[in-house]
Amino acid sequence: MSLSKTQALLDLMARLRNPETGCAWDQKQDFYSLIPYTIEEAYEVADAIERNDIQDLRAELGDLLLQVVFHSRIAEERGLFDFEQVAAGIGEKLVSRHPHVFAGVTFTSDEQRQQAWEAAKAEERQQKHTDDKPQSVLSGVAKSLPALVACEKIQNRAASHGFDWPEVEPVFEKVKEELAEVHEAWQSGDQAHIQEEVGDLLLVAVNLARHLKVNPEIALKEATKKFSRRFNYIEKQVEATGRQLRDCQLEELDGLWNEAKRVQKNTHPNNP
């Protein structure tokens with residue numbers, strides 16, 4: 001986007017926020033009221049990418065940019081910061097986090113690059129606080145992140161400071177251990193304990209995904225899509241007989257599930 005187009009967008013937002021001649025809805029928005037819209041637009045960008053819909057991606061990126069402009073305009077009205085400062089801030093951050101591009105630093109591996117990236121982020125987090133108290137390496141992970149994403153980020157932070165298994169085999173054993181503890185909790189009938197142990201199992205599953213170099217959020221999303229495809233197949237097969245799912249025995253539905261796996265294996269070879 002050229003500078004003139006960017007300025008035109010900023011001017012449009014200023015006009016919408018004008019208390020005398022603007023839009024009543026836009027005028028009454030604030031940082032908090034825009035939270036759900038900002039999150040929704042980010043997810044819609046991700047959805048367009050996953051569908052490989054480039055035209056929609058262009059539009060959704062525009063919607064997401066509008067949220068940045070909207071928040072920046074509200075901040076400017078309150079004398080906090082403006083869009084130019086937002087742009088300048090991310091520019092400075094990109095330079096500081098890429099010393100191998102802008103400062104002549106040489107990295108010999110992706111691991112070194114990642115360590116330098118995490119160190120730069122840790123320094124940024126420390127600079128955000130005016131007191132002299134050292135910040136936890138886990139500080140700064142947004143509380144509003146989806147639980148699976150937050151779990152991975154927390155574990156990556158801990159791992160970057162040495163708190164991690166050096167190889168994958170012990171993680172497999174930990175998964176088995178946590179699964180056994182879930183079963184034990186279930187036998188106890190203590191619902192709070194069951195929830196706690198299921199949480200531990202999910203956490204170590206994320207750890208296993210990390211060690212296998214799998215993004216757990218993407219893996220779960222793809223698994224959910226696969227489940228939906230197979231379930232939709234079952235629905236169609238049952239509907240063709242003039243019945244509903246509740247009219248079928250579990251054994252029949254399970255047989256249709258296995259049939260769906262065979263049928264869809266050819267159309268979705270990467271999702272057996």
Side-chain angles (χ1 to χ4, degrees), residues 1-99 101-103 117-118 120-131 135 138-150 152-154 157 215 217-218 221 224-225:
M1 180 179 287
S2 66
L3 180 60
S4 61
K5 295 295 184 182
T6 302
Q7 189 58 55
L9 179 57
L10 295 173
D11 292 343
L12 278 171
M13 179 51 64
R15 182 174 178 180
L16 289 170
R17 290 280 297 179
N18 188 298
E20 296 180 359
T21 59
C23 169
W25 186 88
D26 291 278
Q27 292 167 17
K28 69 180 182 181
Q29 300 310 308
D30 58 24
F31 294 136
Y32 290 98
S33 69
L34 291 176
I35 287 175
Y37 302 104
T38 306
I39 294 173
E40 180 182 352
E41 297 302 347
Y43 276 116
E44 290 183 356
V45 167
D47 180 65
I49 293 172
E50 290 174 352
R51 290 185 287 103
N52 195 31
D53 188 333
I54 304 305
Q55 290 300 316
D56 196 30
L57 174 59
R58 174 179 175 272
E60 295 300 345
L61 285 172
D63 291 343
L64 184 58
L65 176 58
L66 173 62
Q67 293 301 308
V68 178
V69 169
F70 212 148
H71 283 285
S72 298
R73 178 62 195 179
I74 293 171
E76 183 176 357
E77 291 168 358
R78 299 182 183 182
L80 303 173
F81 57 81
D82 60 18
F83 182 84
E84 288 298 316
Q85 289 171 297
V86 171
I90 188 59
E92 293 168 2
K93 188 180 293 185
L94 286 172
V95 171
S96 69
R97 291 185 182 180
H98 294 82
V101 177
F102 301 105
W117 177 272
E118 291 298 337
K121 290 173 67 176
E123 178 64 24
E124 291 165 8
R125 290 194 296 273
Q126 188 64 44
Q127 291 177 357
K128 288 181 180 179
H129 298 82
T130 56
D131 55 45
Q135 295 298 307
L138 304 182
S139 298
V141 175
K143 293 181 174 59
S144 59
L145 282 175
L148 199 62
V149 176
E152 183 188 21
K153 283 185 172 292
I154 289 289
R157 291 272 186 89
N215 183 302
E217 179 77 10
I218 293 176
K221 185 174 292 187
T224 302
K225 290 179 182 178

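Residues: numbered from 1 along the sequence shown. What's counted below: heavy atoms across the whole structure, side chains too, no hydrogens, waters or symmetry copies.
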Measure from the side-chain N and O atoms of [X] to the backbone N and O of [Y], and report whether any donor-acceptor pair falls under 3.5 Å.
{"X": "Ser33", "Y": "Gln29", "result": "no"}
{"X": "Glu41", "Y": "Glu60", "result": "no"}
{"X": "Arg17", "Y": "Asp26", "result": "yes"}

Check: Could you go step by step and tell me if Met13 and Phe70 meet the side-chain contact (heavy atoms from CB on, under 4.5 Å) rule?
Finding: CA-CA 7 Å; Met13 179 51 64; Phe70 212 148; 3.8 Å; yes
Next item on the list: Taking atom OH of Tyr43 as the centre, report whether more than 12 heavy atoms of other residues, nucleotides or ligands fall under 6.0 Å from it.
Entry: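 Counting other residues, nucleotides and ligands, OH of Tyr43 stays at 12 neighbours or fewer.
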Next item on the list: Might you confirm whether atom CZ of Arg58 has over 12 heavy atoms from other residues, nucleotides or ligands at distances under 6.0 Å?
Entry: no
If you measure from [atom1] on [X] to [atom2] on [Y], what distance do you get to the nearest 0.5 Å?
{"X": "Leu138", "Y": "Lys153", "atom1": "CG", "atom2": "NZ", "value": "12.5 Å"}
{"X": "Asp56", "Y": "Ile49", "atom1": "CG", "atom2": "CD1", "value": "10.5 Å"}
{"X": "Glu84", "Y": "Leu10", "atom1": "CD", "atom2": "CG", "value": "7.0 Å"}
{"X": "Arg97", "Y": "Ile90", "atom1": "CZ", "atom2": "CD1", "value": "6.5 Å"}
{"X": "Trp25", "Y": "Leu16", "atom1": "CH2", "atom2": "CG", "value": "10.0 Å"}
{"X": "Gln85", "Y": "Glu76", "atom1": "CD", "atom2": "CD", "value": "8.5 Å"}

Notebook entry, point to check: Are His71 and Phe31 side-chain neighbours, meaning at least one heavy-atom pair lies under 4.5 Å?
Noted result: yes
Next item on the list: Check whether any side-chain heavy atom of Leu34 lies under 4.5 Å from a side-chain heavy atom of Ile74, and answer yes or no.
Entry: yes
Notebook entry, point to check: So which heavy atom on Ala42 is nearest to which on Leu64, and how close?
Noted result: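 Looking at all heavy atoms of both residues, the closest pair is N-CD1, 3.9 Å.
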Next item on the list: Go through the steps for Asp11 and Gln7 under the test side chain to side chain donor-acceptor pair (under 3.5 Å), then give the verdict.
Entry: CA-CA 6 Å; Asp11 292 343; Gln7 189 58 55; 2.9 Å; yes
Next item on the list: Please test Ile218 against Glu50 for side-chain contact (heavy atoms from CB on, under 4.5 Å), starting from the C-alpha separation and ending with a verdict.
Entry: CA-CA 10 Å; Ile218 293 176; Glu50 290 174 352; 5.7 Å; no
Next item on the list: Given side-chain contact (heavy atoms from CB on, under 4.5 Å), test Ile39 with Ile35 step by step and report yes or no.
Entry: CA-CA 6 Å; Ile39 294 173; Ile35 287 175; 3.8 Å; yes
Next item on the list: Determine, stepwise, if the pair Leu65 / Leu9 fulfils side-chain contact (heavy atoms from CB on, under 4.5 Å).
Entry: CA-CA 10 Å; Leu65 176 58; Leu9 179 57; 3.9 Å; yes
